[in-house]
Structures are given as C-alpha cells and as structure tokens.
2 protein chains.
Amino acid sequence: MSELARSSDATQLLAPIDFYFDLGSPYAYLGSELIDTLGARYRRQVNWHVFLLGAAFKHTGAAPLTQQALKGSYALHDFARSAGFHDIPFRQPTRFPVSTVHAARAFCWLSAQDPLLARGFAHAIFRAYFTADRDIDNIDTVLDIAQSQGVARSSLAEALGSVALKDSLRLEVDRAIARGVFGAPFFILDGEAFWGVDRLPQLTRRLDGEAF
Amino acid sequence: MSELARSSDATQLLAPIDFYFDLGSPYAYLGSELIDTLGARYRRQVNWHVFLLGAAFKHTGAAPLTQQALKGSYALHDFARSAGFHDIPFRQPTRFPVSTVHAARAFCWLSAQDPLLARGFAHAIFRAYFTADRDIDNIDTVLDIAQSQGVARSSLAEALGSVALKDSLRLEVDRAIARGVFGAPFFILDGEAFWGVDRLPQLTRRLDGEAF
C-alpha cells in the first residue's frame with residue numbers, strides 16, 4: 001500500500017471535528033479562519049454547522065457581550081486584540097450585533113447542495129462583516145456576497161423566501177442546542193465540547209493524543 | 001553598577017501586574033498558580049486583590065457558570081480539563097459555588113499587614129477548596145487554614161467580627177468594580193485588562209513587548 005493510500009485510509013477512520021458558528025460572532029469569525037488548517041494538520045474533516053446565538057441565549061439567559069455592563073467595553077477591546085493575537089484582519093462593525101438569519105439560511109441551503117461552496121460563502125460573509133463593515137443582515141447584501149462566490153442569485157433569492165428553508169435552519173439550530181451548543185465558536189471532537197477560540201490550544205492537545 | 005543592582009532597578013521601574021480573584025473561582029485558582037511565575041519571569045511585581053464575583057454579577061447580570069442551562073455541565077468538564085491542561089491539581093468541590101466572604105475578609109486583613117503572608121493564605125484557601133474539598137465558607141475552616149499559615153488565630157477571629165473589616169472588603173470590591181473587573185481571574189497590565197486564565201497567552205505576549 002502506498003503512503004498516500006495509507007494516509008487517505010487514516011483520514012477515513014478519524015471522526016470529523018464539528019464546528020458550530022453564528023455568522024455575526026467575532027470569536028466565531030476567528031475560529032473560522034483557524035479551524036480548517038488545524039483539521040487538515042491532523043487529517044480531520046471539519047463539518048461546518050451554522051446556528052443562531054440568539055436562540056441559544058434564550059436557553060442560557062445570556063445576552064450579547066457588548067450589551068452587558070462592564071463587559072461591553074472590554075469585549076470590544078478583546079475582539080480586536082484576539083484578532084491581532086491570531087494575526088487575522090479585523091475591523092469592528094459599526095452596527096453590532098446584527099441578525100444573521102438570512103445569511104444563516106443561505107448557508108443551510110448551500111450546505112445541502114455543496115458544503116465546500118457553503119464554506120466559501122461563510123468565509124465571505126464573515127470577512128464582509130468583520131473586515132469591510134458590510135450590512136450582512138441585509139438580504140441584498142447576502143445575495144451579493146453569495147453571487148460573488150458563484151451562487152445563482154435568483155435560485156438563492158427564491159429559496160430564502162421559502163418556508164422549507166426557514167424550517168431547515170430552525171432544525172439545525174434545535175439540533176445544535178440539543179448537542180449542548182451554547183456559544184460560538186463551539187467545537188466537538190470525539191464527543192468532547194470545546195467552547196471558544198481560546199480553547200483551540202486544548203483542542204490541539206487532544207488532537208495530539210496527549211492525556212491531560 | 002553590578003548586574004544585580006541594575007536588574008533590581010529595572011524591577012522598580014516596571015509597573016506591577018494587578019491580579020483580581022474570588023477565592024471560590026476555579027479559573028481564579030488556576031490563575032493564582034500561574035501568575036507569580038509569569039510576573040517573576042518578566043520582573044513584574046504581582047499585586048493580589050481579592051473581590052467577590054457575586055458583587056460583580058449584580059452589575060453584569062451574570063450567574064455562576066454551573067447554574068446556567070447548557071453551560072453548567074460544560075463548565076464542570078472545562079474546570080477539570082483546564083486544570084489538567086496547566087498541570088495543576090484539581091478536584092471539583094462537592095459544594096459549589098460557596099460564599100467566600102469570610103476568606104476574602106481574612107485576606108484583606110492579612111494583606112494590610114503582610115502581603116506575602118496574605119498570598120500564602122490565599123494559596124492555602126484555593127488549594128483547600130479545589131484539591132481537598134474543604135468547606136472554605138465555614139469561618140472555623142478559614143481560621144484553621146490561616147493558623148496553618150502562621151497567622152494568630154484569635155487576632156484574626158476578632159478582626160473577622162469587626163465592622164471595620166467588613167467595610168474594608170466592601171471598599172476593595174467597589175474599587176475592583178470601579179476599575180471594570182467583572183470576572184475572575186482578571187489581570188490589569190499597564191492599564192490593559194485581561195479576563196480569564198485563557199488570556200494569559202495574550203498577557204504574556206504583551207509582556208514580551210510584541211505589538212499585536
């Protein structure tokens with residue numbers, strides 16, 4: 001058996017990393033820029049799952065960080081600092097937080113057809129919001145960004161108006177919450193949950209197979 | 001000037017790291033086991049400040065992690081995992097969270113007399129709670145632990161009953177909140193805030209003087 005075939009077999013055997021994100025979360029954006037490289041290094045597929053932080057917050061009673069007393073100004077500083085720490089471009093959006101429901105539905109729709117295209121779209125949405133201050137809550141902006149990624153605009157526009165797609169996203173969000181996802185980014189590796197981009201060092205050590 | 005004198009002068013010039021903790025916070029416990037080594041490596045004095053998370057939570061609307069839906073079981077797992085990650089002994093206390101008001105007052109009282117003794121007492125309280133499952137909310141346990149550190153038990157017992165000491169702690173907590181402290185551990189370095197043991201890598205990079 002060749003080295004290549006052996007490494008390909010190994011990839012088949014390892015369970016994927018599940019990556020949960022809300023398209024409006026700055027820490028999820030940082031996670032989105034880091035997780036695929038990490039997965040590739042350890043030959044783990046990364047399955048991207050969109051959800052809505054607002055729905056999770058209804059369960060936990062949490063509120064957006066920037067709307068909390070004391071934490072708000074710290075959070076704004078920490079978003080930018082954490083981006084700098086990971087050497088990822090970042091600009092705080094003028095309007096924050098915003099609804100990501102249209103973008104999330106678009107991701108769901110694309111994901112069912114072509115996960116790689118969906119991932120490219122998610123990157124484009126994250127970067128549009130967190131580096132170019134675009135209004136990702138606006139349905140036309142979502143369509144523009146999807147089109148720039150090679151998505152058929154009219155088909156997506158039609159899908160975004162459908163009840164079926166609304167139900168699909170709701171189901172995705174319910175599934176995420178049922179798995180215990182309450183924040184973003186959220187990673188699940190071999191049944192173990194890791195919340196936050198600041199847990200990537202722990203996730204990495206697990207991937208190294210080190211007991212700790 | 002000798003090398004020793006020069007390094008001693010340098011120590012004088014650098015501002016201290018302020019370290020804020022609640023004696024019942026598992027992440028603050030981890031921070032307490034790490035921060036002095038970090039400070040020493042960079043010739044920064046570390047000033048230990050006790051506060052009460054409950055008082056900060058009244059401002060932020062936060063609740064103890066283990067009492068939050070979805071987050072609770074994750075938090076319990078993460079406490080132990082994070083301790084393992086840093087190679088620090090940890091055992092989840094049977095009763096959690098508990099009031100740390102007596103222990104915090106004792107720290108205040110000791111701190112005013114002998115900051116090093118106060119630090120030793122804080123270590124002893126953290127370790128009693130997070131490795132030996134002792135009831136640190138019990139005033140006799142607090143006195144036992146203080147006595148084991150060489151503190152005059154009867155003097156501390158008397159102080160713990162005084163209005164002056166209650167006022168001292170209240171002032172400390174108010175000061176912490178006025179500086180924006182809302183969680184534990186919380187570090188302030190040259191006016192910049194770092195929340196969480198998971199921000200130590202960012203704090204370290206700042207100490208390295210690297211821009212990011």
Side-chain angles (χ1 to χ4, degrees), chain A residues 27 51 53 55-88 90 176-183 186-189 191-206 208 210-212, chain B residues 27 51 53 55-88 90 176-183 186-189 191-206 208 210-212:
Chain A
Y27 297 123
F51 81 110
L53 267 178
F57 286 175
K58 281 183 193 158
H59 287 258
T60 56
L65 279 167
T66 52
Q67 294 172 7
Q68 294 177 41
L70 297 175
K71 273 189 197 174
S73 60
Y74 174 83
L76 285 174
H77 181 71
D78 191 62
F79 296 163
R81 180 177 64 198
S82 294
F85 183 75
H86 291 289
D87 204 19
I88 294 168
F90 180 84
I177 291 171
R179 284 194 83 185
V181 175
F182 56 79
F186 204 95
F187 308 95
I188 301 179
L189 171 74
E192 185 177 8
F194 297 83
W195 170 40
V197 73
D198 44 34
R199 285 299 175 278
L200 287 180
Q202 297 192 11
L203 177 61
T204 303
R205 207 181 305 170
R206 281 280 192 262
D208 280 327
E210 283 178 37
F212 68 92
Chain B
Y27 297 123
F51 81 110
L53 267 177
F57 287 174
K58 279 182 195 157
H59 287 258
T60 57
L65 279 167
T66 52
Q67 293 171 8
Q68 295 177 40
L70 298 174
K71 272 189 197 173
S73 59
Y74 174 82
L76 286 174
H77 181 70
D78 191 62
F79 296 162
R81 181 176 63 199
S82 295
F85 183 75
H86 291 289
D87 204 17
I88 295 168
F90 179 85
I177 291 170
R179 284 195 82 186
V181 175
F182 55 80
F186 203 96
F187 308 95
I188 301 180
L189 171 74
E192 184 178 9
F194 297 82
W195 170 40
V197 74
D198 44 34
R199 285 297 176 278
L200 287 180
Q202 297 191 13
L203 177 61
T204 303
R205 209 184 299 172
R206 280 281 191 262
D208 280 327
E210 284 179 37
F212 67 92

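Residue His86(B) does not touch chain A at all, counting heavy-atom pairs closer than 4.5 Å. At a 4.5 Å heavy-atom cutoff, Arg179(B) makes no contact with chain A through either its backbone or its side chain. Heavy atoms of Ser82(B) lying under 4.5 Å from chain A belong to its backbone as well as its side chain.
Rounded to the nearest 0.5 angstrom, Trp195(A) CH2 and Leu70(B) CG are separated by 11.0 Å. Annotation: the span from Phe85(A) atom CZ to Arg199(B) atom CZ amounts to 9.0 Å, rounded to 0.5 Å.
Taking the side-chain hydrogen bond (donor to acceptor under 3.5 Å, both in side chains) definition, one finds that Asp87(B) meets it with nothing, sequence neighbours left out. With sequence neighbours excluded, the residues that form a salt bridge (Lys or Arg N to Asp or Glu O under 4.0 Å) with Arg81(B) are Glu192(A), Asp78(B).
Among the candidates Gly196(A), Ala83(A), Pro201(A), Ser73(A), the residue making the largest number of heavy-atom pairs closer than 4.5 Å to chain B is Pro201(A). In terms of heavy-atom pairs under 4.5 angstrom with chain B, the leader among Gln202(A), His59(A), His77(A), Gln68(A) is Gln202(A).
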